[in-house]
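The first residue in the sequence is number 1, and the count goes up from there. The analysis underlying the following values was restricted to heavy atoms, covering all of them including side chains, and did not include hydrogens, waters or symmetry mates. Predicted model only: the values in this text are computed from it and were never measured.
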Amino acid sequence: MTNSDDTLHYKKQHNLTINDIQHSLYYYFDYDERSFDINMPFQHFHSFYEIMVLISPQASHLVEGIPYSIRSGDLVLLRPSVLHRSEYPKGAPGKRLIMSFLYPPSLWDRPETYQKLFEPFYAPLPIYRFPSKQQQLINEKLNRIYHYSFHDEDPDLRPLMVHGMFVDFLYTLRQLAPYNTYTNEPLKDEASRKVYSIANYIHNHYSEELTLDALAKEFFISPYYLSHQFKDVTGYTLTQYIQMTRIKNVQYLLQNTKKKISELAEECGFTSFSQFNRIFQKYCGQSPSEFRKASNSTSPYSPI
């Protein structure tokens, strides 16, 4: 990508890591590309905050069951535990910048101040698209970090310098949030719109009892139609989608809480503990206790 002042600077397979995964002040910047062939089969989550900036012309992003069409320059803001996945079109691999970060709750004893920086992550719309003037300012902040990442001097100061520049970027993003012009492009067919509305409903009600008949009644369609259209649109049966959404949320809680496994199963909508264990083993290839033990011994920041 050209390095003009108003574009986001990029070098394939370049990355920058500040601290390791055991630190609670953590940064990872990944400049790389992804292709249609390696689209994730189902949505995943992180225990950290994440920002994706698309550099290629177009792609889409699925957030909590809702598809969003994105184009070059758009920012996808993801708070911890949000299920999501990127979808890249067929053809040349899509370039993107991924920024992952995590701050300790008591950073500099001012948690309320940092929470204000995170406000854009909790807005109803997770995508940000700015007019050219504001986009240039965003790119300027990110390019400062990009160019600094190639400097090897003062390694002891690197975490502080990157943190300072990134906080400046977050502040700028928060100040520019009112300029967001993104509107999601409506899906062309009614069936897809209906199915993705149901998928989003599942993400927001997975802890409740969910059945084919109940969802069909809620959305005023026949159970037969829902069953067939859901599989055609998402690639999963309704039952599979409900189970996988529940399991993903259990995984997050296994990684990030010390609650009993039986409590987590019930909290995420499983009414039978034996059924939960069977389904968890089916999708994860290990028991919940094995998953928790493995997660605690490796990275609490790894995507599932």
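Annotation: side chain of Asn277 is in contact with side chain of Pro288 (closest heavy-atom distance under 4.5 Å). Side-chain contact between Asp30 and Arg96: present, with at least one pair of heavy atoms (C-beta onward) separated by less than 4.5 Å.
Asn184 contributes a side-chain N or O that, together with a main-chain N or O of Pro67, makes up a donor-acceptor pair within less than 3.5 Å.
For Phe42 and Tyr241, the ring centers are positioned less than 6.0 Å apart. For Tyr49 and Phe101, the distance between ring centers is under 6.0 angstrom. Checked against the 6.0 Å centroid threshold, Phe150 and His14 count as a close aromatic pair. Aromatic ring centres of Tyr206 and Phe270: separated by at least 6.0 Å.
Within the structure, the side-chain hydrogen bond (donor to acceptor under 3.5 Å, both in side chains) test picks out no pair touching residues 214-228 (sequence neighbours left out). Residue pairs meeting the salt bridge (Lys or Arg N to Asp or Glu O under 4.0 Å) criterion with at least one member in residues 71-85, sequence neighbours excluded: Asp74-Arg129, Arg85-Glu87.
In this view, Lys141 and Asp168 satisfy the salt bridge (charged side-chain N to carboxylate O under 4.0 Å, His left out) rule, not counting sequence neighbours. Here Gln240 pairs with Tyr236, Thr237, Tyr283 under the side chain to side chain contact (heavy atoms under 4.5 Å, CB included) rule; sequence neighbours left out. Every residue two or more places apart in sequence or in another chain was checked for a ring-ring contact (aromatic ring centres under 6.0 Å, His included) with Tyr28, and none qualifies. Residues that satisfy the salt bridge (charged side-chain N to carboxylate O under 4.0 Å, His left out) test with Glu33, not counting sequence neighbours, are Lys12. Listed by chain and number, the residues in a ring-ring contact (aromatic ring centres under 6.0 Å, His included) with Phe273 are Phe276 (sequence neighbours excluded). Evaluation of the ring-ring contact (aromatic ring centres under 6.0 Å, His included) rule for His84 yields His44, His46, His61 as partners, not counting sequence neighbours. By the salt bridge (charged side-chain N to carboxylate O under 4.0 Å, His left out) test, Glu119 pairs with Arg174, sequence neighbours left out. For Phe169, the ring-ring contact (aromatic ring centres under 6.0 Å, His included) partners are Phe166, not counting sequence neighbours.
Through ILVMFWY side-chain contacts below 4.5 Å, Phe36 is grouped with nothing and stands alone. When hydrophobic residues (I, L, V, M, F, W, Y) are linked wherever their side-chain heavy atoms come within less than 4.5 Å, the members clustered with Leu78 are Met52, Leu54, Val63, Ile66, Tyr68, Ile70, Val76, Val82, Tyr88, Ile98, Leu125, Ile127, Tyr182.
The neighbour count for Glu209 CD, taken as heavy atoms of other residues, nucleotides or ligands under 6.0 Å away, does not exceed 12.
If you run side-chain contact (heavy atoms from CB on, under 4.5 Å) between Phe230 and each of Leu215, Leu238, Leu212, only Leu238 comes through.
A salt bridge links Glu190 with Arg193: at least one charged nitrogen is closer than 4.0 Å to a carboxylate oxygen.
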* Checking ring pair (Phe, Tyr, Trp, His ring centres under 6.0 Å) for the pair Phe121/Tyr128: CA distance, chi angles, key distance, verdict? -> CA-CA 10 Å; Phe121 290 85; Tyr128 287 80; 8.4 Å; no

